[in-house]
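Contents: one structure, followed by commentary.
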Amino acid sequence: MRDPAFPHRHLLGIEGLSPLEISHLLDLSNRYVAFNRGPDKNSDVLHGRTIVNLFFENSTRTRTSFELAAKRLGADVINMQVETSSVAKGETLIDTAVTLNAMHPDVLVVRHPDSGAVKLLADKVNCAVVNGGDGSHEHPTQALLDALTIRRRRGRLSGLLVAICGDVLHSRVARSNFHLLLTMGARVRIIAPRTLIPTAVERLGVEVFTDMTAGLKDVDIVMMLRVQNERMRGSFIPSVREYFRFFGLDRAKLAQAKPDALIMHPGPMNRGTEIDSDVADDFERSAIREQVELGVAVRMAVLEVLAGNNAAHNSAGAAGGGK
Ligand code: NCD
């Protein structure tokens, strides 16, 4: 059945979603958190559906999280290993998508190193597509799981002051988070060296800082980002030591934030580059492990909604009632 509270075919990004649509996905996800903590983790919500994970980039948590989410809902799941598939023989992105599409999957979860590639693919298939991260563009399920983590810990998103720190330039996580947090009424600061700040980012409505001490002052949430060496062509940071000294989160810098400020990181962490182990592993204040846990719940909600919408779309199409 088509979900009237989320009437979209795909989830390609957070940009453009309304506060009500975001809240709806978060509410649904929240129900799955309790379910995942219970003894019986199997449901048949997606029984008979096929989910394909198509990852053109390395991933540990996002891929396993989608796989687990689909399995817990009773779907059949296929993980496409891009290195061993025809892509390694030169098959194009679109050919791969069209080939997979011919096998009638219900949802394709796609990660790709190029910004925009997932949208391109979504236009060529007639199943639902979830963006599992495209280049430095968007990573919507990460922003949703971050929001769910904040909402469960703080009871709300609106009015909170969130600092997103580090390699903002290359980060799809940051971009999805800007859209989500600003849409939900939070205030967003970015803190980064000048070389890692996207141009004209202020136009989105975020405040920009190049100094951790000033930027972290009184924030409710400190979200650290990985330094994405694989996306850097040229030198963006002088050295790891210097980066850590000025932009790595440690106790001293954290002391500027609110005393109960929450520490977050999407993973994988570079300990000693952007974050000190001492704060990353702080049992009370770090929500990093919880983010991973809630990621499964968020992906269950997203797969459920999109698979339902897709079935409704295709049956309307079969009855001649729509495209
Ligand atoms: C992020 C990603 O891949 O964009 N990680 C993730 O999904 N858990 C962030 C990163 O790679 O730094």
Side-chain angles (χ1 to χ4, degrees), residues 11-15 29 53-70 79-80 82 109-119 129-150 162-181 190-193 196-198 221-233 236-237 240 243-244 247-249 263-275 280 286-303:
L11 180 64
L12 301 177
I14 298 292
E15 188 176 7
S29 306
N53 278 327
L54 178 58
F55 277 60
F56 293 89
E57 236 188 33
N58 290 340
S59 167
T60 313
R61 66 210 81 208
T62 304
R63 196 191 56 69
T64 49
S65 181
F66 270 110
E67 183 176 353
L68 207 55
N79 292 310
M80 284 286 298
V82 169
V109 180
V110 187
R111 169 169 286 197
H112 197 280
D114 296 335
S115 306
V118 180
K119 163 87 172 69
V129 175
V130 183
N131 182 359
D134 63 325
S136 31
H137 177 226
E138 280 232 36
H139 188 354
T141 56
Q142 179 69 44
L144 287 166
L145 75 89
D146 292 339
L148 185 63
T149 307
I150 299 172
V162 182
I164 302 182
C165 318
D167 187 356
V168 179
L169 181 65
H170 300 104
S171 178
R172 53 200 176 203
V173 174
R175 236 163 298 269
S176 289
N177 263 300
F178 296 157
H179 293 301
L180 191 147
L181 292 166
I190 63 174
I191 316 175
L196 295 177
I197 299 174
I221 312 287
V222 185
M223 199 181 280
M224 301 306 299
L225 299 172
R226 182 174 66 88
V227 174
Q228 307 218 352
N229 291 309
E230 77 277 22
R231 294 189 213 285
M232 295 185 187
R233 286 178 197 88
F236 286 81
I237 60 173
V240 167
Y243 185 86
F244 182 73
F247 294 98
L249 186 69
I263 301 159
M264 301 176 72
H265 192 304
M269 286 185 272
N270 292 313
R271 292 169 183 266
T273 303
E274 71 265 0
I275 193 162
S286 165
I288 297 171
R289 262 177 288 178
E290 207 169 308
Q291 288 173 269
V292 177
E293 181 197 354
L294 302 192
V296 179
V298 161
R299 283 152 187 145
M300 288 168 86
V302 167
L303 290 177

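Indexing begins at 1, ligand by ligand and atom by atom, following the structure's order.
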For [X], atoms of ligand 1 separated by under 4.0 Å from a heavy atom:
{"X": "Gln228", "value": "10 (C), 11 (O), 12 (O)"}
{"X": "Val173", "value": "1 (C), 4 (O), 9 (C)"}
{"X": "Thr62", "value": "6 (C), 7 (O), 8 (N)"}
{"X": "Pro266", "value": "8 (N)"}

Of all the non-hydrogen atoms in the protein, which one sits nearest to [atom], and at what distance?
{"atom": "atom 4 (O) of ligand 1", "result": "Arg172 NE, 2.7 Å"}
{"atom": "atom 11 (O) of ligand 1", "result": "Arg226 NH2, 2.9 Å"}
{"atom": "atom 7 (O) of ligand 1", "result": "His139 NE2, 2.7 Å"}
{"atom": "atom 9 (C) of ligand 1", "result": "Gly267 O, 3.5 Å"}

- prompt: Is any side-chain N of the basic residue among Arg289 and Glu293 closer than 4.0 Å to the acidic one's carboxylate O?
  reply: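 No salt bridge links Arg289 with Glu293.
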
message: Could you tell me if Arg299 sits above the aromatic ring of Phe66, with its cationic atom closer than 6.0 Å to the ring centre and no more than 45 degrees from the axis?
response: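 So Arg299 does make the cation-pi contact.
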
- prompt: Can you find a pair of side-chain heavy atoms, one from Met223 and one from Asn177, that are under 4.5 Å apart?
  reply: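 Result yes, sub-4.5 Å side-chain heavy-atom pair found.
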
message: Could you measure the distance from the CG atom of Leu180 to the CZ atom of Arg175? Nearest 0.5 Å is fine.
response: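 If I round to the nearest 0.5 Å, the distance is 15.0 Å.
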
task: Go through the structure and list residues passing side-chain hydrogen bond (donor to acceptor under 3.5 Å, both in side chains) with Arg271, not counting sequence neighbours.
output: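 If we apply the side-chain hydrogen bond (donor to acceptor under 3.5 Å, both in side chains) test to Arg271, skipping adjacent residues, the hits are Ser277, Asp281.
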
- prompt: At the 4.0 Å heavy-atom cut-off, does Arg111 count as touching ligand 1?
  reply: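 The answer is yes: ligand 1 sits under 4.0 Å from a heavy atom of Arg111.
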
